[in-house]
Number of protein chains: 2
Amino acid sequence: MTFTKATEFDATQQEIARLAKVLSHPARVAILQHLAKTQSCISGDIAQELPLSRTTVSQHLQELKAAGLIKGEIDGLTVCYCIDTEQFGKAKALLETFFSGISFACNCDC
Amino acid sequence: MTFTKATEFDATQQEIARLAKVLSHPARVAILQHLAKTQSCISGDIAQELPLSRTTVSQHLQELKAAGLIKGEIDGLTVCYCIDTEQFGKAKALLETFFSGISFACNCDC
DNA sequence: AAACTATGACGTATGTTTACGACATACTTT
DNA sequence: AAAGTATGTCGTAAACATACGTCATAGTTT
């Protein structure tokens, strides 16, 4: 990170950007929706639901995990992934605060 | 776009990802907050508020504009940027729907 | 123990984003 | 008209993201 200037912004802005980045690929959005839909942990057959190879799906899962949005516990041969409800709630609150802070009536003519 | 598979996901997932991508850099988050704070159109002195060159800020402004979140009208020598309240409202609603659809109580032990 | 299965880690090719200097454009002022 | 000012566009280098095949690991089954 010697080139990017992303770290020179304030903590909240960086946190919002970090969260948004996780959601910035449809595969990760799809994975979250799939985990929510199945209402339970699910092992790597997620790949079969998506137009991606198992390897690529695994990579996206790692990113979601690194961001804290999902948890993954080893359960014998399979791994049990599910949404981290607490962290997800925090993410939701963060974005809600951001959007609420932005909404306003522009007083110009454009 | 011959390499990415992003287009193979459903429209809503792509739309969420597209919106998230716009917010995935702290500079763009900061620009939106700055525009909201000043409660009016503002010309390119935004660059002086950020740790970035004028050129780079201009580039971020173009991305926000391309995404429809802000509008920019030429007003003589300066350009008047402001948040597109209607589009911004739609973006907010889209994310709210997504987050509401995800929140659930995981029934496993992880 | 040997074969099988599910998964993550590694390597790598290609595409995209970020950042900025230099140049172009267009309006304003003198 | 010439100089000045505010912006956008272009070119480009470095960093990062995406996608997937192959290999390594670790538990299961026979």
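FYI, side chains are in, hydrogens and waters are out, and symmetry mates aren't considered; it's all heavy atoms of this structure. First the proteins, then the strands, lettered A, B, ... as listed; each starts at 1.
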Measure the distance from [atom1] on [X] to [atom2] on [N] and round it to the nearest whole Å.
X: A:L52; N: D:dA17; atom1: CG; atom2: C1'; result: 13 Å
X: B:E63; N: D:dT9; atom1: CD; atom2: C1'; result: 15 Å
X: B:F9; N: D:dT18; atom1: CZ; atom2: P; result: 11 Å
X: A:L64; N: D:dT18; atom1: CG; atom2: C1'; result: 14 Å
X: B:H60; N: D:dG8; atom1: NE2; atom2: P; result: 14 Å
X: B:E8; N: D:dT18; atom1: CD; atom2: P; result: 15 Å
X: A:L61; N: C:dA9; atom1: CG; atom2: P; result: 11 Å
X: A:L77; N: D:dG27; atom1: CG; atom2: P; result: 9 Å

Considering only heavy side-chain atoms of B:T55, the closest of D:dT7, D:dA19, C:dC20 is C:dC20

Examine [N]: is either OP1 or OP2 under 4.0 Å from a nitrogen or oxygen in the side chain of [X]? Give yes or no.
X: A:S58; N: C:dG8; result: yes
X: B:T56; N: C:dC20; result: yes
X: B:H25; N: C:dA19; result: yes
X: B:Y81; N: D:dG8; result: yes

(message) Taking the side chain as everything from C-beta on, heavy atoms only, tell me whether A:L32 gets closer than 4.5 Å to A:L23.
(response)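 Sidechains of A:L23 and A:L32: in contact.
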
Between A:K65 and B:S53, the residue closer to the 5' end of DNA chain C by nearest nucleotide is A:K65

Find which nucleotide of DNA chain C each of A:Q59 and A:Q62 is nearest to by heavy atoms, and output the residue with the more 5' nucleotide.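 Upstream on the strand: A:Q62.
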
Would you please say whether a donor-acceptor pair under 3.5 Å links the side chains of B:T56 and B:S53?
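The criterion, which ignores hydrogens and geometry beyond distance, is satisfied for B:S53 and B:T56.
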
Exercise for the section: Just say parallel, tilted or perpendicular for the rings of A:H25 and B:F9, cut-offs at 30° and 60°. Expected result: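 Perpendicular, since the angle between the ring planes exceeds 60°.
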
All heavy atoms of A:Q87 vs all of A:G68, minimum pair found to be CB-O, 3.2 Å

Rounded to the nearest 0.5 angstrom, the CD1-SG distance for B:I70 and B:C82 is 8.5 Å

Original post:
So what does A:K21 touch, heavy atoms closer than 4.0 Å: a base, only the sugar-phosphate, or nothing?
Top reply: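 It contacts sugar-phosphate atoms only.
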
ask   = So does B:R54 reach the base of C:dG21 with its side chain, donor to acceptor, closer than 3.5 Å?
value = no

